[in-house]
2 protein chains.
Amino acid sequence: MKPANRLNATFAALADPTRRAILARLALGEVSVMELARPFAMSQPAISKHLKVLERAGLISRGRDAQRRPCRFEPRRLKEIAEWIGTYRHFWEESFNRLDQYLEELKTKEKTRDAK
Amino acid sequence: MKPANRLNATFAALADPTRRAILARLALGEVSVMELARPFAMSQPAISKHLKVLERAGLISRGRDAQRRPCRFEPRRLKEIAEWIGTYRHFWEESFNRLDQYLEELKTKEKTRDAK
DNA sequence: AGGTTATATAACTTAATAGTTATATACAGG
DNA sequence: CCTGTATATAACTATTAAGTTATATAACCT
């Protein structure tokens with residue numbers, strides 16, 4: 001998959017609260033599908049579908065343990081989107097906020113001056 | 001909007017490459033809709049729809065300049081998802097990688113032993 | 001007022017998503 | 001071999017999303 005498509009798939013997968021909850025659970029360790037499904041007010045096939053979405057997005061991988069298919073969290077794709085967001089980080093970090101504040105001050109001064 | 005719904009809307013908005021490209025453009029400064037639309041092989045109403053999605057997600061805001069509605073990038077929501085991802089950061093950072101490597105080594109040793 | 005430019009909205013089509021129930025597959029264990 | 005358990009798939013429905021064209025709204029300019 002091309003990197004842009006990876007971002008599409010990753011973001012789309014993360015847009016669903018059930019899937020984010022699944023990831024949160026998997027961050028604590030491998031779990032089977034049934035175990036994953038239990039806390040949700042949703043059928044098992046629905047959970048299986050969510051898992052397929054997560055897997056195709058590369059956010060989880062699956063093992064084999066008898067008839068169980070334990071799911072494991074895979075951090076690579078989260079790292080990728082963390083890096084994507086990183087290119088915007090300066091917008092909310094200290095150094096930028098200082099510039100922002102400075103610009104705000106300028107604006108306020110202008111208005112004050114114009115009002116005179 | 002509740003925080004969970006905000007995450008839904010933000011991730012969904014970012015899942016589209018056109019919208020990510022719009023954000024990238026807006027990170028360089030305010031732009032009007034027509035200017036934004038130009039580089040895309042897409043009608044103006046399509047761009048307006050994307051902007052509405054971005055606006056409802058809180059990723060942009062819009063001003064007024066005569067008949068123009070200049071769009072401005074709003075970093076808050078990106079910051080929020082950066083924080084959400086932050087809770088998983090330890091999975092790909094140095095300290096974790098060392099543990100991961102150690103576990104990989106253990107596995108390899110097991111296999112080697114079993115093969116004997 | 002009338003024409004032009006910028007943007008938004010309406011109505012529509014197509015395709016994708018999230019869920020359902022029912023069924024199929026695969027393995028485990030007596 | 002038979003039964004139960006875990007998971008996946010099929011077939012279906014309802015909702016949402018992304019695009020289109022045509023039209024409406026709003027502000028500028030002469």
Side-chain angles (χ1 to χ4, degrees), chain A residues 1-2 4-26 29-73, chain B residues 1-2 4-23 25-26 29-73 77:
Chain A
M1 218 191 287
K2 275 176 288 185
N5 294 345
R6 278 214 301 267
L7 281 179
N8 294 353
T10 309
F11 279 126
L14 294 174
D16 186 287
T18 302
R19 289 193 289 260
R20 288 199 304 276
I22 289 175
L23 284 189
R25 174 68 191 78
L26 292 182
E30 285 196 12
V31 199
S32 74
V33 177
M34 277 315 205
E35 244 175 300
L36 267 180
R38 188 157 17 196
F40 296 101
M42 204 178 291
S43 66
Q44 169 265 315
I47 298 293
S48 279
K49 274 194 179 182
H50 281 304
L51 292 175
K52 192 183 254 183
V53 172
L54 288 167
E55 191 177 22
R56 286 181 16 112
L59 285 160
I60 66 170
S61 64
R62 343 198 40 181
R64 168 73 73 180
D65 164 29
Q67 65 265 129
R68 258 146 264 121
R69 306 291 317 276
C71 303
R72 168 197 299 234
F73 171 59
Chain B
M1 220 191 287
K2 276 178 284 183
N5 294 345
R6 277 212 302 265
L7 281 180
N8 294 353
T10 308
F11 279 125
L14 294 175
D16 186 287
T18 302
R19 289 193 290 260
R20 289 198 305 278
I22 288 173
L23 284 189
R25 174 67 191 79
L26 292 182
E30 285 197 12
V31 199
S32 74
V33 177
M34 276 316 203
E35 244 176 300
L36 267 181
R38 188 156 15 195
F40 295 101
M42 203 177 293
S43 66
Q44 168 264 316
I47 298 293
S48 279
K49 273 194 182 181
H50 282 304
L51 292 174
K52 192 185 255 181
V53 172
L54 288 167
E55 190 176 22
R56 285 182 17 113
L59 285 161
I60 66 169
S61 64
R62 343 198 40 180
R64 167 72 73 177
D65 164 29
Q67 66 265 129
R68 257 146 264 122
R69 306 291 316 277
C71 302
R72 167 197 303 232
F73 171 59
R77 295 300 153 78

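Below, chains carry the letters A, B, ... as their sequence lines are ordered, and counting in each starts from 1.
DNA chain D is contacted by no residue of residues 14-25 of chain A, taking any non-hydrogen atom closer than 4.0 Å.
OP1 or OP2 of D:dA17 has not a single side-chain nitrogen or oxygen of B:His50 nearer than 4.0 Å. Note on B:Ser43: a side-chain N or O is less than 4.0 Å away from OP1 or OP2 of D:dT20.
Here the side chain of B:Pro45 is nearest to one of C:dA10, C:dA22, C:dA6, namely C:dA10. Comparing C:dT5, C:dG19, C:dA26 against the side chain of A:Met42 picks out C:dG19 as the nearest. Minimum atom distance to the side chain of A:Gln67 is reached by D:dA6, of the listed C:dT7, D:dA6, C:dT21. Distance from the side chain of B:Met34 is smallest to C:dT7 among D:dT7, C:dT7, D:dG4.
For the pair B:Arg69 (side chain) and B:Gly63 (backbone), a donor-acceptor distance under 3.5 Å is present. Side chain of A:Asp16 to main chain of A:Arg19: a donor-acceptor pair is present (N/O by atom type, distance under 3.5 Å, no hydrogens or angles).
Of the two residues near DNA chain C, A:Ala46 and B:Arg62, the one whose nearest nucleotide lies more 5' is B:Arg62.
Within 4.0 Å of A:Lys49, counting heavy atoms only, lies at least one base atom of the nucleic acid.
Residue-to-nucleotide contacts include a donor-acceptor pair under 3.5 Å from the side chain of B:Gln44 to the base of C:dA8.
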